[in-house]
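Quick caveat, the model's predicted, so the values are computed rather than measured.
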Amino acid sequence: MSQFLFLFTVGPVQSFIAQARKSQDLYSGSFLLSHLSDIAIYKLKTLVSSCDLIFPNKEIASKPNRFIAKIECEDPEKIGSELHNFVQNEYRKICEDIVTKLNLNAPEGFNQQIDYLLDLHWIALDFEEGEYASKFSELESYLGAVKNIRRFHQFQEAGRKCSLCGERNVLFYGGARKRAHVHDAERINNVSNKFISDGEGLCAVCLSKRFAGRHFKKKYHSDYPSTAEIALMDTLSKLDSSLLNDYKSFFGKDFDEQLYFKDNLTKKYFEKNGIKADPEISLKELAKITNIAEQTGLKFSTYYALLCLDGDNMGKWLSGKFLEDKDKSNLMDFHFDLTKKLGTYAIKVKDIVQNPKGIVVYSGGDDVLAFINLDYLLPVMKELREHFPAFEEFSYTKQGEKSSASCGVCIAHYKTPLQEVLTWARKMEHEAKSIDDNAKKDAFAIAVLKRSGEIHKTVFNWKYETLDTIEVLAELISLLKSPNNSETPPFSDSFVNKLNEEFNLLMNDEGNYSEFPLFETEIKRLINRSCMMVKNTGESETEYRSRKDQTIADITEKLCALARESRSLENFLSLLNTAVFIERGSN
């Protein structure tokens, strides 16, 4: 019985997950790939004499799309082929079961679309104790070579393309009548408009994402919140549940969280979405909720955040580049310890991101994708970074080397196409990782996509010596926020607007301004003018003046320090604009 180092990957990843119109699609795509990876690990253990899973940690619920194991068997090629066929058949069974439970028939082309989706790779290398470092490097090299050889399936499909992926033909559609070029497509009956809208067409693959809940029962979030619900999570959690339930019952199975916004309570919207309720009465019912919300200072925000967080230099960490031992003799031990820490972190992420803060799409160890309610964005970002595992705690890590993580965030309106939001979140994650020429990374980047089309982008390191960027941003927001809905906030955001007016005309093409001392003088002056602090009850004039002066001095000093660290003045002004936007809650 020989020993092998075995690697297996399930794809495609980015395209399969990113092709989403609803938050449920995004979650389902991730869940399906994680499930296929999970059952591949389970199946491998039944096919070989011995199996030690090295990566990922078995406790991670959202399994990444690849795993590495040390196995004992006689014929690794047979094992790899069986595993390949098993995963392919499992996905086909899932799709067929969904079609059955929807009381549909599988149209012509169904099997072809299903069978041509998955991109499965496996590699097995002879392995003996003491060879792990060299064999792991060889394994990674072979994987890169295999992925560069793309399989190509040629088949013709003439007709209307799927509303979700835009690649494959429509085989299933929603609505009362067939649309153009769907030919023999199956109509999906007795399903809420919440799952498939009138005129929406799906291919076999995207049907499996949209209706994955029909097949999975355990561990699957069958009622994943919409972007509208995520935007409203905090507000809804603070309102009387019986009041909300009464409003929901008015719409029955047609209810969707978008109906909490009066802009959607129109005849046109109701007809388009097949809602049978009366729009005029709906407005009166909603007013009962909004009136109470206004009395308690709650806002019906139309914006949410999509957050991506990823460990920095993970390829280098896994390769053993940051280990003290040049021979990397303890690389396997390091990998076992590393995956254990990442497994613990994956569980911690789900503890951090819970309703009403948001909801996790996936947490695979070193990478996180999550929807976040805007009121909790900054504290969630801070917690996720602070709890990221410290690999430097291992005894065999090089002195001076530290693990870090970078984060990309996109703040968007709930009606902004989800694919665009995900693209921006990924783009900001890339910008965060590109912030430092010395490759230290450890940064965050936020993009605000306003409904008007205006975009703010800002990139900063998490910390600069003793200065915590998120804490400064949170402090600024608290100073712009009214402590009570009826009270005046400590500071007006007028100083941010004035800075934009003055310096947008003075910056060069790179967004820089050479006379920083002048900018520093002006920001101090404007912050001082925007201060609206009032005396507390029982506070003397001297105490009030001292508190006011100290508050102005503190926030001015911190903002000027961030301005000096910023890659450009434009980047710093975008940080201030982002703070104002978050404070207003999109209003």
**OP:** Could you give me the CA-CA distance, side-chain angles and deciding distance for Asn577 and Val448, then say whether side-chain contact (heavy atoms from CB on, under 4.5 Å) is met?
**Re:** CA-CA 9 Å; Asn577 291 329; Val448 179; over 6 Å; no

**OP:** Kindly confirm or rule out a cation-pi arrangement of Lys219 over Phe31, judged by NZ or CZ under 6.0 Å from the six-membered ring centre and within 45° of its axis?
**Re:**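 Cation-pi check for Lys219 and Phe31: fails.
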
**OP:** Decide yes or no on salt bridge (charged side-chain N to carboxylate O under 4.0 Å, His left out) for Asp97 and Lys93, but give the supporting numbers first.
**Re:** CA-CA 6 Å; Asp97 184 53; Lys93 288 177 182 176; over 6 Å; no

Subject >> Ser28 and Tyr224: CA distance, side-chain angles, deciding distance, side chain to side chain donor-acceptor pair (under 3.5 Å) verdict >> reply: CA-CA 9 Å; Ser28 295; Tyr224 200 83; over 6 Å; no

Original post:
Is the number of heavy atoms from other residues, nucleotides or ligands under 6.0 Å of Lys262 NZ greater than 12?
Top reply: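 Check fails, neighbour count at 12 or below.
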
**OP:** Tell me, yes or no, whether the heavy-atom count around Lys268 atom NZ, taken from other residues, nucleotides or ligands under 6.0 Å, exceeds 12.
**Re:**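 No - once you tally the heavy atoms of other residues, nucleotides and ligands closer than 6.0 Å, there are 12 at most.
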
**OP:** Walk me through it: do Lys288 and Glu285 pass the test salt bridge (charged side-chain N to carboxylate O under 4.0 Å, His left out)?
**Re:** CA-CA 6 Å; Lys288 297 176 183 177; Glu285 292 295 320; 3.4 Å; yes

Considering all heavy atoms of both residues, which atom of [X] and which atom of [Y] are nearest to each other, and what is their separation?
| X | Y | answer |
| --- | --- | --- |
| Lys272 | Asp198 | O-CB, 4.1 Å |
| Trp462 | Ser406 | NE1-CA, 4.4 Å |
| Asp493 | Val580 | OD2-CG1, 3.5 Å |

**OP:** Check the pair Ile275 / Leu259 against side-chain contact (heavy atoms from CB on, under 4.5 Å), numbers first and verdict last.
**Re:** CA-CA 10 Å; Ile275 299 173; Leu259 296 170; 3.9 Å; yes

Please check if the distance between the ring centroids of [X] and [Y] is under 6.0 Å.
| X | Y | answer |
| --- | --- | --- |
| Tyr27 | Tyr220 | yes |
| Tyr414 | Tyr304 | no |
| Phe581 | His456 | no |

Original post:
Between Gln19 and Gln419, is any pair of side-chain heavy atoms under 4.5 Å apart?
Top reply: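 Side-chain contact under 4.5 Å: yes.
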
Original post:
Under a 4.5 Å cut-off applied to non-hydrogen side-chain atoms, are Leu369 and Leu306 in contact?
Top reply: yes

Subject >> With sequence neighbours excluded, residues passing salt bridge (Lys or Arg N to Asp or Glu O under 4.0 Å) with Glu431 >> reply: Lys457

**OP:** Any chance you could lay out the side chain to side chain donor-acceptor pair (under 3.5 Å) test for Lys415 and Asn264, step after step, and finish with the verdict?
**Re:** CA-CA 11 Å; Lys415 285 188 176 182; Asn264 296 324; 2.9 Å; yes

